[in-house]
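Every chain is numbered from 1 and lettered A, B, ... according to where its sequence line falls, protein lines coming before strand lines. These values consider heavy atoms only, across backbone and side chains, with no hydrogens, waters or symmetry-generated copies.
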There are 2 protein chains.
Amino acid sequence: MSEITTNFNDRTIEYNQLLDDFKSLIKKNNLKFTIQREVILETLYNSDEHLTPEELHRIIQEKYPELKTGIATVYRTLSLLEDSNIVTSLSFGAQGKKYELGAKDHHDHLICTVCGDITEFVDEEIEKRQHKITDELGFKMLDHSMQIYGVCKACQEKNKSN
Amino acid sequence: MSEITTNFNDRTIEYNQLLDDFKSLIKKNNLKFTIQREVILETLYNSDEHLTPEELHRIIQEKYPELKTGIATVYRTLSLLEDSNIVTSLSFGAQGKKYELGAKDHHDHLICTVCGDITEFVDEEIEKRQHKITDELGFKMLDHSMQIYGVCKACQEKNKSN
DNA sequence: GTCTCTGCAAACCCTTTGCAGGGGG
DNA sequence: CCCCCTGCAAAGGGTTTGCAGAGAC
């Protein structure tokens with residue numbers, strides 16, 4: 001039995017639960033619950049992809065054109081969600097960040113450099129080693145991220161058949 | 001009194017090697033070897049830090065003010081060096097990249113979110129697990145990077161004494 | 001002499017901010 | 001009603017690009 005698990009797309013967290021959490025957070029900080037904030041959370045929830053702020057904005061504009069949601073609101077809401085650990089971001093150099101719901105369990109990323117597809121995985125042994133390393137150095141770990149770049153199975157096969 | 005040989009010579013030899021590699025690369029691609037390109041490589045070599053393009057530019061301007069090296073040249077040369085796998089970069093979201101010589105052995109990074117200091121480490125067990133994961137998924141690994149974010153020992157102690 | 005490389009400045013892209021009006025609690 | 005949130009547009013920060021002259025080969 002492998003310790004490796006992939007693709008958390010079978011949602012462990014119900015949307016209503018997530019929404020409730022977000023509402024509590026908002027109430028606790030004397031913020032306001034707006035339709036824009038709800039739509040951004042919902043869109044992130046319903047997407048299996050890692051989205052850039054721009055992609056998120058475009059999807060929302062297409063689905064709810066009457067809201068005229070501004071890109072600035074998307075950025076502001078993503079910051080709020082990231083600060084609250086509801087979403088997490090992946091950096092892609094100067095080409096910006098991609099966001100995903102962070103309510104799932106922690107996981108790392110396999111990134112295909114051909115098709116851009118991102119696969120998630122968790123490895124308990126790696127997690128353990130990370131703690132061991134930081135403990136030994138007296139480093140207080142707050143977060144970590146790991147990306148493996150390469151060519152996914154599908155792209156390798158596609159390449160063979162050409 | 002004999003000439004003293006120190007381990008500094010190792011670095012000198014490595015630098016000449018590096019420079020030769022760079023020159024071959026340049027010749028092979030019908031590019032030109034310029035003083036600016038040499039100074040950029042040399043500065044990266046002589047720095048133990050991970051540098052941003054801006055930092056690199058500032059150091060070069062201070063050391064060789066007569067060259068009036070432009071920031072654009074720094075960016076162009078870094079791209080050239082990265083494409084050639086002579087340097088590697090670390091992403092910091094929208095806040096840009098930091099570069100380091102990639103000729104050293106592979107290693108991962110501990111990044112202090114307080115002082116920005118970067119510590120390098122290698123853990124064989126993690127490297128092994130990464131190969132195991134990609135093998136099982138039929139993913140062809142080309143590269144990987146891991147960053148652990150947190151507070152370094154020095155910053156924790158500084159914080160205590162305040 | 002040819003053709004790349006350079007510095008400069010403008011352009012670009014992504015992200016943040018200031019502002020006045022809108023809307024949640 | 002207060003004051004947070006929004007859309008808009010302008011500003012910001014890092015990076016790239018167009019250009020004409022300088023320089024490598």
Side-chain angles (χ1 to χ4, degrees), chain A residues 19-20 22-41 43 50-62 64-84 87 89-99, chain B residues 19 22-43 50-84 87 89-99 116:
Chain A
L19 191 58
D20 284 350
F22 189 32
K23 284 183 178 170
S24 318
L25 171 87
I26 282 175
K27 181 166 284 180
K28 198 174 70 187
N29 292 87
N30 292 319
L31 305 176
K32 315 218 158 168
F33 185 72
T34 65
I35 182 67
Q36 287 86 350
R37 284 176 175 173
E38 174 164 15
V39 160
I40 288 167
L41 186 69
T43 305
H50 295 65
L51 301 174
T52 62
E54 253 174 296
E55 288 165 345
L56 190 49
H57 182 230
R58 184 181 44 72
I59 292 170
I60 289 169
Q61 280 192 319
E62 284 169 8
Y64 305 101
E66 73 282 6
L67 286 183
K68 296 200 189 312
T69 311
I71 188 82
T73 298
V74 173
Y75 276 104
R76 284 184 284 228
T77 303
L78 283 173
S79 296
L80 173 64
L81 290 169
E82 192 173 15
D83 289 347
S84 318
V87 306
S89 63
L90 269 182
S91 285
F92 284 80
Q95 281 61 250
K97 293 180 176 182
K98 289 193 177 188
Y99 291 81
Chain B
L19 192 57
F22 189 32
K23 284 182 178 171
S24 320
L25 171 87
I26 282 174
K27 182 166 285 181
K28 199 174 67 185
N29 292 87
N30 292 317
L31 305 176
K32 311 209 162 180
F33 186 73
T34 64
I35 183 67
Q36 287 85 352
R37 284 176 176 173
E38 174 164 14
V39 160
I40 288 167
L41 185 69
E42 184 214 286
T43 305
H50 296 65
L51 300 175
T52 62
E54 253 173 299
E55 288 166 345
L56 190 49
H57 182 228
R58 184 180 44 71
I59 292 170
I60 290 169
Q61 280 193 320
E62 283 169 7
K63 190 160 180 190
Y64 304 100
E66 72 282 5
L67 286 183
K68 296 201 189 313
T69 310
I71 187 82
T73 297
V74 173
Y75 277 104
R76 284 184 286 228
T77 303
L78 283 172
S79 296
L80 173 64
L81 290 168
E82 191 172 16
D83 289 347
S84 318
V87 306
S89 63
L90 267 182
S91 285
F92 285 81
Q95 279 61 251
K97 293 181 177 182
K98 289 194 176 186
Y99 292 81

Enquirer: To the side chain of A:K32, which of D:dC25, C:dG24, C:dT6 is closest?
Expert: C:dG24

Enquirer: Output the rounded distance in Å from CG (B:L80) to C1' (C:dT4).
Expert: 12 Å

Enquirer: Within the structure shown, what part of the strands sits under 4.0 Å from A:R76 by heavy-atom distance: base, sugar-phosphate, or nothing?
Expert: base

Enquirer: Quick one: B:L67 CG to D:dG23 C1', roughly how many Å, whole number?
Expert: 13 Å

Enquirer: Please round to the nearest 0.5 Å and tell me the distance separating atom CG of A:L51 and atom OG of A:S89.
Expert: 13.0 Å

Enquirer: Could you check which of C:dG7, D:dC25, D:dC4 has an atom nearest any side-chain atom of A:L31?
Expert: D:dC4

Enquirer: Separation of B:K27 atom NZ from D:dC25 atom P, in whole Å?
Expert: 8 Å

Enquirer: Name the residue from A:V87, A:L56, A:L80, A:I59 that meets the side-chain contact (heavy atoms from CB on, under 4.5 Å) definition with A:I40.
Expert: A:L56

Enquirer: Using heavy atoms to find the nearest nucleotide of DNA chain C for A:I26 and B:T73 separately, return the residue whose nucleotide is more 5′.
Expert: B:T73

Enquirer: Look at the side chain of B:R37 and the backbone N and O of B:K32, then say whether any donor-acceptor pair between them is shorter than 3.5 Å.
Expert: yes

Enquirer: Find which nucleotide of DNA chain D each of B:I35 and B:A72 is nearest to by heavy atoms, and output the residue with the more 5' nucleotide.
Expert: B:A72

Enquirer: I need the NE2-C1' distance between A:H57 and C:dC14, as an integer number of Å.
Expert: 13 Å

Enquirer: Which whole-number value in Å describes the distance from B:N29 CG to D:dC25 P?
Expert: 14 Å

Enquirer: Can B:E62 and B:R58 be counted as an ion pair, charged N to O under 4.0 angstrom?
Expert: yes

Enquirer: Using whole Å, report how far NZ of B:K68 lies from P of D:dA22.
Expert: 14 Å

Enquirer: Examine D:dT6: is either OP1 or OP2 under 4.0 Å from a nitrogen or oxygen in the side chain of A:T34? Give yes or no.
Expert: yes

Enquirer: Measure the distance from CG on A:N30 to C1' on D:dC2 and round it to the nearest whole Å.
Expert: 13 Å

Enquirer: Check this one for me: any side-chain N or O of B:Q36 less than 4.0 Å away from OP1 or OP2 of D:dG23?
Expert: no

Enquirer: Can B:Q36 and B:T73 be said to form a side chain to side chain donor-acceptor pair (under 3.5 Å), step by step?
Expert: CA-CA 8 Å; B:Q36 287 85 352; B:T73 297; over 6 Å; no

